[in-house]
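Below, chain A is the first sequence line, B the second, and so on; all start at residue 1.
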There are 2 protein chains.
Amino acid sequence: MSRNTVIDYKTKTATAGARPLKTSTLQDVARVAGVSTATVSRTLSHPDVVSESTRKRVSAAVQKTGYRINRAARNLRTQRSHSVIALLPDLANPFFSNILEGISRTLADKGYSMLVASTRQVHDSGDRLIDYLDDARADGMIILDGQLAPDVVASLEGSPHSNRILFACEWVADAPFPSVRCENRRGTAAAIDHLVALGHRKIAHVTGPQGNVLTTARKDAFVEAVGRHGLALPPEWIIDGDFSLQAGCDAARQWMAIVDRPTAVFCASDQIAMAFIAELARHDIRVPQDVSVMGFDDIDLAEQFIPPLTTIRQDRIIIGETAATMLLERIAGQVTSEARQEAVIPVSLIARKSTGAPPEG
Amino acid sequence: MSRNTVIDYKTKTATAGARPLKTSTLQDVARVAGVSTATVSRTLSHPDVVSESTRKRVSAAVQKTGYRINRAARNLRTQRSHSVIALLPDLANPFFSNILEGISRTLADKGYSMLVASTRQVHDSGDRLIDYLDDARADGMIILDGQLAPDVVASLEGSPHSNRILFACEWVADAPFPSVRCENRRGTAAAIDHLVALGHRKIAHVTGPQGNVLTTARKDAFVEAVGRHGLALPPEWIIDGDFSLQAGCDAARQWMAIVDRPTAVFCASDQIAMAFIAELARHDIRVPQDVSVMGFDDIDLAEQFIPPLTTIRQDRIIIGETAATMLLERIAGQVTSEARQEAVIPVSLIARKSTGAPPEG
DNA sequence: CTTTGCTCTGCAATCGATTACATTAGGCAG
DNA sequence: CTGCCTAATGTAATCGATTGCAGAGCAAAG
């Protein structure tokens, strides 16, 4: 039996997908209601332009047929996908969970769906970020990863859809995209003020990953705050890390190796701070008796950590909601694409038990 | 100036959306390549059926025009959205992050996108779960919430698309959907065996939320394991909770109120266990010296908790990958819808420092 | 009675890709 | 040279909703 390539591909497509059992369409509703498809469509999308009686007939027909709109068809016709994609650097990082919650909630309210992907995955698969917009998969994009390759950023900027992109939490320096961020500088300053008020004069900092805008913002603010208080700052008191638990462990070991140990440590994330404290505990160093440790973020677990973590709280639900709201405004064309927006979400100091007066001596 | 309703809605639609700046279509590519749209389409979807020379001409034209496929159009024509929706009970719960990672990775490999929503949000917005499938938004659905209302389950079962639904982690008792779960019974048994081996004879259990299948599975397995070892089990040693941090705090207070305190506590989640330990610490009760505490899940932070948490590890990446793979097979029609599948993912005991021998006396 | 102006509805084009079917051009056996 | 087969491409219908335009019906104005 001879099967050539042509037959092959057709067979494959025909076999795959025990396709559907179709649901009713506008046509079916129109037939049942005894009106045209145009009228049915209008009844559903612009109820105020059809007469009372027609509206009732159509509604009844919709009920009877169990009609559900076919979004693929509507998307094609209206050139809108009614969905937005959220791009995370790392899907497995719980830091982003609440942000997604905020985004999703806002989108759902406005009838939008949320697609989620990670920049790493997109990159690995060889796709280009901008494709999500170019191929009509999403109407807009919220990027939570500031560490994009320069050529990726360039392609985003160059796209005709660049006005439907927004950064949240992180951002790209010098790129013309609107963004939502938290008060990184003020939060950092508040943290250092808190430690100084407790009597600390020797304060270390564990940073986020190199090349990250948050790392830079917080590190710069740290250096400035420490200087403002006239404190010494040997280079080894700035410990390079990233936002992970592992970085916290590593940093703790580096801190222990310091001869003239700082009495307080300001970490760029709660995860760092927790692992830092855990590693110290393994060496019988107590927090806050022997050293004070602060985090940044106020993740849910911070309060239940032992000791409960003093940290800088950023409301991630609000960050997500703000990002989604701003993006939807742009998608709706309510904001001129020239208006470079930047929303800054307030942070607050949450003093718990991981900070205290420096040890005697 | 009179504006009636008709003009209003049209104006609105026209104003909204500074629409685009269109990208090139198949037609454009066809024109540039000097072939028909059919040939371009075939070149892209079934390269083996076009001639070498045509393929080259088309590829060049695609390059030149910067063509990107319009997914809305393809979705309409092929009756496939090439996306799958993951439904979580709660988007903000970090437990699900890794599962999403596993799902997303697998989907991306196969050219699928991942939509994410929470059952609560869907419910609040008045939508019906099944709409996601009925309205062609998604080709399939992975539900991570077993606590759906009976009428919701009924509507899922009744749908012509019910064979494109799969449960993961949780499931609905007696419903005919395939599912991916972890070894809840074996994990629980292993936990109790571990505690008994350490010398514990009085073991308590903090459960998950009432009405949850995981709660039931783990509680039943707990009762059975305790019975197998011939241990006593007063009713007050089973403490009702849910998977949250708050439940852990509450449970700790209940445990402290018990006169003849159990020397070990098996918690239905790591979050419960951590908060349980934290609350005890606030009352100067030490773990594991005064009481041993175990969790379930092995979330990332378990290892960095103080003390590091003994727990039952479930590989959530694999759960996600398995769920996505199984669902895609069904979508592709490679599995008859009658074949009720159930994948069980192995768990393992991770012994750390939160468990030890019971205190003297 | 005609004209003007509304409101409501229908006709039919359209969004952009896929694919069944038709057609053309060669290759090869008889 | 004819007939048949295959490979490669083109033609045009189709997926299902939206919407510009036109027409019907009716009321009020002239």
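Under the 3.5 Å distance criterion, the side-chain polar atoms of B:S45 are left unmatched by any main-chain donor or acceptor of B:R42.
Distance CD (A:Q27) to P (C:dC11): 11 Å, rounded to an integer number of Å. Separating the CG atom of B:D134 from the P atom of D:dG16 is a distance of 14 Å, rounded to the nearest angstrom. The distance from atom CG of A:D48 to atom C1' of C:dT7 is 13 Å, rounded to the nearest whole Å. Rounded to whole angstrom, the span from the NE2 atom of B:H46 across to the P atom of C:dA17 amounts to 15 Å. Atom CG in B:L26 sits roughly 12 Å away from atom P in C:dT19 (whole-Å rounding). Residue B:D28 contributes atom CG, which lies 9 Å from atom P of C:dG16 at whole-angstrom precision. Whole-Å rounding puts the A:R31 CZ to D:dG16 P distance at 12 Å. Between the CG atom of A:L76 and the C1' atom of D:dT14 there is a distance of 12 Å, given to the nearest Å.
Residue-to-nucleotide contacts include a donor-acceptor pair under 3.5 Å from the side chain of A:R42 to the base of C:dG10. Not a single donor-acceptor pair, N or O on each side, falls under 3.5 Å between the base of D:dT18 and the side chain of A:R74.
Remark: the B:D28 side chain and the B:T65 side chain contain no N/O donor-acceptor pair separated by less than 3.5 Å.
The shortest distance between the side-chain N/O atoms of B:T78 and the OP1/OP2 oxygens of C:dT18 is not below 4.0 Å. A close approach under 4.0 Å does not occur between any side-chain nitrogen or oxygen of A:T25 and OP1 or OP2 of D:dG16. Contact annotation: A:S51 side-chain N/O to C:dC8 OP1/OP2 distance is not under 4.0 Å. Contact annotation: B:Y67 does not reach the phosphate of C:dG16 (side-chain N/O to OP1 or OP2, under 4.0 Å). Put simply, A:Q79 has a side-chain N or O that comes within less than 4.0 Å of OP1 or OP2 on C:dG16.
Comparing C:dA12, D:dA8, D:dG10 by their closest approach to the side chain of A:A38 singles out C:dA12. The B:I69 side chain lies nearest to C:dA17 when the options are C:dA17, D:dG16, C:dA20. The nucleotide whose nearest atom lies closest to any side-chain atom of A:S36 is, among D:dG16, D:dT11, C:dG10, C:dG10.
Salt-bridge annotation for B:R120 and A:E101: present, with a side-chain N of the basic residue lying under 4.0 Å from a carboxylate O of the acidic one.
Heavy atoms of B:V40 sit nowhere under 4.0 angstrom from any nucleic acid atom. Residue-level contact check: B:T39 touches the backbone only, with heavy atoms under 4.0 Å from sugar-phosphate atoms and none from bases.
Of the residues near DNA chain D, B:V35 and A:A72, the one whose nearest nucleotide (by heavy atom distance) lies more toward the 5' end is B:V35. Of the two residues contacting DNA chain C, namely A:E52 and A:T37, the nearest-nucleotide position lying further toward the 5' end is that of A:E52. For the pair B:R55 and B:R77, both in contact range of DNA chain D, the more 5′-proximal nearest nucleotide belongs to B:R55.
In this structure, B:V180 and B:A323 approach most closely via the heavy-atom pair CG2-CA, 3.7 Å. Listed here is the closest heavy atom pair of B:A138 and B:R164: O-NH1, 3.8 Å.
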Could you tabulate the donor-acceptor pairs under 3.5 Å formed by side-chain atoms of residues 69-76 of chain A, not counting sequence neighbours?
{"from": "A:N70", "atom 1": "OD1", "to": "A:A72", "atom 2": "N", "distance (Å)": "2.9"}
{"from": "A:N70", "atom 1": "OD1", "to": "A:A73", "atom 2": "N", "distance (Å)": "3.0"}
{"from": "A:R71", "atom 1": "NE", "to": "B:D135", "atom 2": "OD2", "distance (Å)": "2.9"}
{"from": "A:N75", "atom 1": "ND2", "to": "A:R71", "atom 2": "O", "distance (Å)": "3.2"}

